Protein chains: 2
Amino acid sequence: MNIRHIAKQAGVSVATVSRVLNHPENVAPKTREKIEKIIAETEYTPNWFARGLNFNKTGTIGLMIPHILNSVHMEIAKGVEDVAHQKEYIALMCNVENDAAKEKRYLDQLIKRRVDGIIFICSSLEAEDFQLVQEQKIPVVLIGEHKNNPGLHMVSIDCQQASKKAIKHLLDSGHEKIAMLYGTDPRVENEYKIAGYKKALKEADLPFARDYLREVENSIEGGYLGAKKLAEMKEPPRAIFASSDYIAFGAMDAIRDKGLSIPEDMAVMGFDNVRMSNLVEPKLTTVEVPFHKMGVYGARLLFDIIEGEEEENAEPKTILLQSKLKIRKSSGHKERIGEMF
Amino acid sequence: MNIRHIAKQAGVSVATVSRVLNHPENVAPKTREKIEKIIAETEYTPNWFARGLNFNKTGTIGLMIPHILNSVHMEIAKGVEDVAHQKEYIALMCNVENDAAKEKRYLDQLIKRRVDGIIFICSSLEAEDFQLVQEQKIPVVLIGEHKNNPGLHMVSIDCQQASKKAIKHLLDSGHEKIAMLYGTDPRVENEYKIAGYKKALKEADLPFARDYLREVENSIEGGYLGAKKLAEMKEPPRAIFASSDYIAFGAMDAIRDKGLSIPEDMAVMGFDNVRMSNLVEPKLTTVEVPFHKMGVYGARLLFDIIEGEEEENAEPKTILLQSKLKIRKSSGHKERIGEMF
DNA sequence: GTGAAAGCGCTAACAA
DNA sequence: TTGTTAGCGCTTTCAC
């Protein structure tokens, strides 16, 4: 079933059928109606490829997701999908699994498929990989920091400041021996978080203890193992700051397994404010990150470029959104321990 | 940059270039090497649309996901993506949000884009909607039950039996007043779970109390609200069976908020065994469902059809995978309460 | 307002 | 082994 079938049935030329499909205003109402009727009856849909061959537009954007089992990334993805779907675009979600090689493979695919734009969530690609995309003139937006910002539009939060605020809160709550468990990913964000951690300690004139800073897998398991190690130290910390809520969940589990109580023996602070963070016991103090909003803003930015709202070679924009401390039980305020719990 | 550029540069015809792209064995090694070199240098990639126009194959499958923020669905999706990626296919993930209209819109898109196959996770489409797909000869696999199985390949678990086993366990643990909180979705699965619940009660000669069976939103919030209502009854149940872990999490929160303890005052049993279920306090007894495997099996089945391994009009297959009871603290064994906790 | 025909970039049948 | 060319289904320019 193709455009010629329709044309023949309607007794017109293919050009006319094509016109009612693309510029109906240029067709006499009568002929148009007749053709529209036949199109509806036969459930004819123009061939996607033939169309693409002419237009070179796909109505598709690519979306690189570090890991689709991580709810944090999916919240961003949801934000992107929300605006894409509203714009009648479809988002090709690529599950990158924090694997640069896999991300590269997917990138090649996306370029091959001539997507109209690409959004990278916490990309692990090299700056030079983005050149490829630039050469193809495919608009790109980064969500989450990139190691050496390759001059691209970006939306993120200020991780260093957020982390500093978090540590400050622990300090204000009377903790001094504060350890940090940071995940192997997202790498750049976590570096900023580490910087914030160090900075906060410094500003409080507290020494930075190398042993209190540990890299773990960004997962519940990673948090468990990391916290276990910390708890077994000769001089264990009295508070743990985790670079993600999942790490914090694992840490809490380990602390409990060690027979310690939270926050009395060891306080815990997370990062992300995932849905479960106020369902664990005790509820987790954490940093709320506007993931969905990040996705929405990122997508809007991308579509602005695609639709030409944004000038071709405009200075790359960086949108920084606000994070917010969510104070709950797990961080245990010194003066109020006993009163609150 | 197109095939003609390459041909000219290599001093050959487009056909030869096309050959090294598709049937390199039919090209003299020397010419082939020369052309390959030029292709590499110029980073030429054949136009996706022109290719599709000839092959009518896209290397793309569609994947309908009820809700991308639900980790359960994403685990299935991950299974699908794993095999798709390995087969060098790309999966177009559609976030359907349990909205039949949105699912229909996405379905139209997928058909338009000539995907090579579609996998539906817990679809809310009508049987007649699948006719569309059948007409287009697009292979389809269902993951999760469908209301009136429209004669399609399917992979699922036996929800009724799983639910029955779950209730049996609660009965064996000494509970008699057992309520059930079931989510509005996935609809068909939950009907089976309800049937299992009723059957187990019947076999134990216990009456079925209409007020103990409540429909709630399939979410933490839904579980909270539902359990709150149950706890406020004149004769509240002593155990709650939830159709999903998320509902169970909400229920646990509500029970705690009522000042009751789990499982002593009220036992809780979930369904799904999501990662967090052994991280809440107390750890949640639940039914382990092999989601990832479901995705893998579904995808394999789909590719068997796409690649013609499966006969065109073979009898639709139904693959039923095994679920398993995960007994943890929250369901509280009567005789062992006090000893265990 | 409509039709004829060129062309989008590629593949494959046929010819050489 | 390689080249010529028709054709995939559509859009659009140019005539009429």
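All values reported here derive from a predicted model rather than from experimental measurement. Letters A, B, ... mirror the listed sequences (proteins, then strands); counts begin at 1.
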**Request:** For residues A:Asn47 and B:Arg114, determine if any side-chain heavy atom of one lies less than 4.5 Å from a side-chain heavy atom of the other.
**Result:** yes

**Any B:Ile61 side-chain heavy atom under 4.5 Å of B:Ile306 side chain** = yes

If only side-chain N and O atoms of [X] are considered, is one of them under 4.0 Å from the OP1 or OP2 phosphate oxygen of [N]?
X	N	value
B:Arg51	C:dG9	no
A:Arg4	D:dC10	no
A:Asn2	D:dG9	yes
A:Asn26	C:dG1	no
A:Thr31	C:dG1	no
A:His23	D:dT11	no
B:Asn22	C:dT11	yes
B:Thr16	D:dT2	no

**Asked** Between B:His146 and B:Phe120, is the gap from one ring center to the other below 6.0 Å?
**Response** no

Rounded distance (Å) that lies between atom [atom2] of [N] and atom [atom1] of [X]:
X	N	atom1	atom2	result
A:Lys57	C:dC8	NZ	C1'	16 Å
B:Asn54	D:dA6	CG	C1'	11 Å
A:Met1	D:dG9	CE	C1'	13 Å
B:Lys8	D:dG3	NZ	C1'	16 Å
A:Asn47	D:dG9	CG	P	7 Å
A:Trp48	D:dT11	CH2	P	12 Å
A:His5	D:dC10	NE2	P	10 Å
A:Ile39	D:dC10	CD1	P	10 Å

**Request:** Inspect the contact between A:Lys104 and A:Asp108 and indicate whether a charged nitrogen and a carboxylate oxygen are less than 4.0 angstrom apart.
**Result:** yes

How is [X] classified with respect to the nucleic acid when contacts are heavy atoms under 4.0 Å: base, sugar-phosphate, or nothing?
X	value
A:Ser18	base
A:Val12	sugar-phosphate
B:Ala28	sugar-phosphate
B:Val27	sugar-phosphate

**Request:** Anything under 30° is parallel, anything over 60° is perpendicular, the rest tilted; go ahead and classify A:His85 against B:Tyr106.
**Result:** tilted

**Earlier contact from the 5' end, DNA chain D, for A:Phe55 and B:Val14** = B:Val14

**Given DNA chain D, 5'-ward residue of the pair A:Arg19 and A:Ile3, judged by closest heavy atom** = A:Ile3

**Request:** Would you state whether a donor and an acceptor, one from the side chain of A:Arg32 and one from the base of C:dG1, lie under 3.5 Å apart?
**Result:** no

**Message:** A:Leu125 and side-chain contact (heavy atoms from CB on, under 4.5 Å): which single residue from A:Leu142, A:Leu132, A:Leu107 fits?
**Reply:** A:Leu107

